[in-house]
Amino acid sequence: MSKGQVLVLGSNATQLGLRSGSTATVGQYLNETAVPALALLDAGYDIVLATPNGTKPHIDAGSDTKDHFGGDEAAYQRAKDFFASHPAMNDVRTLKSVVDEGLDGFVGVFVPGGHAPIVDLMQDRDAGTILRHFHAAAKPTALLCHGPVVVVSTLDDAPAFRKALEEGDDAGAADLARDWIYSGYRMTVFSASEEKIAEERVLKGELFFDMEKALRSAGGDVSVTDKNFASNVVVDRELITGQNPASDRAMADALIEALDRAAA
């Protein structure tokens, strides 16, 4: 018997604009999607995947490697097979349909990373509605790597907040984030120093803003590790955030612990 359903918010973004005017091909990270999802299933929870347009997320090519699974070929293949063929990864809902049908039946929510969520989910109205529900109900809310930036979707005008960040308008961004529901929450996210490495080696260009600055501008109490790509998970009330791809299993464990505790 299932312990309950966990909602997974996926991204449909495949292109990310860069400061140079060029674009980079992006997607969700395979390990950040599959490792927590498989851990939830193994722990007795069901998962429901929803995206803005109801189609399956694109996996970032840079994540499609066993390197993100500690070099474990079997774990890598299990993740690939899971994403390709498991019913939960192919029976995709729209965010709007999930909102319209009601959120009370879900016991928790999870947002994977990769750069994709900062394109669409970060400013998606339905994503904001979903996260506000889980905040108000104090239900476990877990976000990984770039995923934590999606918490700003709960702002009254998330697109304007994102535009202010792109324009370097720090005061304007802070003004738009007044009375933010996560203000003062302790959290982590893909660090500015880690982003520099990603820009140089993967994106081949500079982003308009880094994730630390985005969350601090909104009022988050952001902390990251001194060592790049070291696992780091921060838990504050219902909010569970993981810093980077290496935090996948630790974040999953923290989410499952919170779900079990809530059920008890």
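Along the sequence shown, the residues carry numbers beginning at 1. Predicted model, so just to flag it, every value in this text is computed and none were measured.
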**Asked** Atom CG of Asn244 and atom CG of Leu144: how far apart are they, to the nearest 0.5 Å?
**Response** 7.5 Å
**Message:** Which heavy atom of Thr23 sits nearest to which heavy atom of Gly17, and what is that distance?
**Reply:** CG2-CA, 4.2 Å
**Asked** More than 12 non-hydrogen atoms from neighbouring residues, nucleotides or ligands closer than 6.0 Å to CG on Asp156, yes or no?
**Response** no
**Request:** Is it possible for you to say whether Leu143 and Leu38 belong to one hydrophobic cluster, with membership spreading through side-chain heavy-atom contacts below 4.5 Å?
**Result:** no
**Asked** Side-chain heavy atoms under 4.5 angstrom apart, residues restricted to Ile, Leu, Val, Met, Phe, Trp, Tyr: same cluster for Val92 and Leu30?
**Response** yes
**Item:** side-chain contact (heavy atoms from CB on, under 4.5 Å) partners for Thr94, two or more places apart
**Value:** Lys96, Ser97
**Request:** Please answer: with hydrophobic residues joined when any side-chain heavy atoms are less than 4.5 Å apart, are Val202 and Val189 in the same cluster?
**Result:** no
**Message:** Testing the 3.5 Å rule here: is there a donor-acceptor pair between the side chains of Asn232 and Ser247?
**Reply:** no
**Message:** Do Glu238 and Thr141 pair up side chain to side chain, a donor and an acceptor below 3.5 Å, judged on atom types alone?
**Reply:** no
**Message:** For Arg132, I'd like to know if atom CZ has over 12 heavy atoms of other residues, nucleotides or ligands within 6.0 Å.
**Reply:** yes
**Prompt:** Which residues pass the side-chain hydrogen bond (donor to acceptor under 3.5 Å, both in side chains) test with Asn228, sequence neighbours left out?
**Reply:** Ser193
**Prompt:** Considering residues at least two apart in sequence or located in another chain, which fulfil the side-chain hydrogen bond (donor to acceptor under 3.5 Å, both in side chains) criterion with Arg186?
**Reply:** none
**Message:** When you measure from the centre of the six-membered ring of Phe83, is the NZ or CZ of Lys56 closer than 6.0 Å and no more than 45° off the axis?
**Reply:** yes
Please tabulate, for the side chains in residues 105-124, all donor-acceptor contacts under 3.5 angstrom to protein atoms that are two or more places apart in sequence or on a different chain.
unit_1	atom_1	unit_2	atom_2	d
His115	NE2	His146	NE2	3.3
His115	NE2	Glu195	OE2	2.7
Asp120	OD1	Ser11	OG	2.8
Asp120	OD2	Ser11	OG	3.1
Asp120	OD2	Asn12	N	2.8
Asp120	OD2	Ala13	N	3.3
Gln123	NE2	Val119	O	2.9
Asp124	OD1	Asp126	N	2.9
Asp124	OD1	Ala127	N	2.9

**Request:** Salt-bridge test for Asp169 and Lys163: reply yes if a basic N is under 4.0 Å from a carboxylate O, no otherwise.
**Result:** no
**Request:** Mind checking side-chain contact (heavy atoms from CB on, under 4.5 Å) for Ala173 and listing every partner two or more places apart, or none if nothing turns up?
**Result:** Phe161, Ala164, Leu165, Ser217
**Request:** Mind checking salt bridge (Lys or Arg N to Asp or Glu O under 4.0 Å) for Arg261 and listing every partner two or more places apart, or none if nothing turns up?
**Result:** Glu257
**Prompt:** Is Asp64 salt-bridged to Lys80, going by a charged N under 4.0 Å from an acidic O?
**Reply:** yes
**Message:** Pairing donors with acceptors under 3.5 angstrom, does anything connect the side chains of Gln77 and Glu73?
**Reply:** yes
**Request:** Specify whether His135 and Tyr182 have parallel, tilted or perpendicular ring planes, treating 30° as the upper limit for parallel and 60° as the lower limit for perpendicular.
**Result:** perpendicular
**For Ser153, side-chain hydrogen bond (donor to acceptor under 3.5 Å, both in side chains) partners two or more places apart** = none
**Prompt:** Which residues satisfy the side-chain contact (heavy atoms from CB on, under 4.5 Å) test with Asp253, sequence neighbours excluded?
**Reply:** Arg249
**Interatomic spacing from CG in Asp179 to CG in Leu155 - rounded to 0.5 Å** = 10.5 Å
**Prompt:** Excluding sequence neighbours, so at least two apart, what forms side-chain hydrogen bond (donor to acceptor under 3.5 Å, both in side chains) with Ser231?
**Reply:** none
**Aromatic ring pairing His86/Phe82, orientation class (parallel under 30°, perpendicular over 60°, tilted between)** = tilted
**Message:** Test of understanding: with ring-ring contact (aromatic ring centres under 6.0 Å, His included), list the residues that count as partners of Tyr76, not counting sequence neighbours.
**Reply:** Phe69
**Selection residues 202-215 - residue pairs positive for side chain to side chain donor-acceptor pair (under 3.5 Å), sequence neighbours left out** = Asp170-Lys213, Glu212-Arg216
**Prompt:** Roughly how far, to the nearest 0.5 Å, is the CZ atom of Phe134 from the NZ atom of Lys139?
**Reply:** 5.5 Å
**Fill in**
Taken in chain and number order and not counting sequence neighbours, the residues that satisfy side-chain contact (heavy atoms from CB on, under 4.5 Å) with Ala230 are Thr225, Lys227
**Prompt:** Are Ile130 and Ile181 connected in the hydrophobic side-chain network, where two residues link if heavy atoms are under 4.5 Å apart?
**Reply:** yes
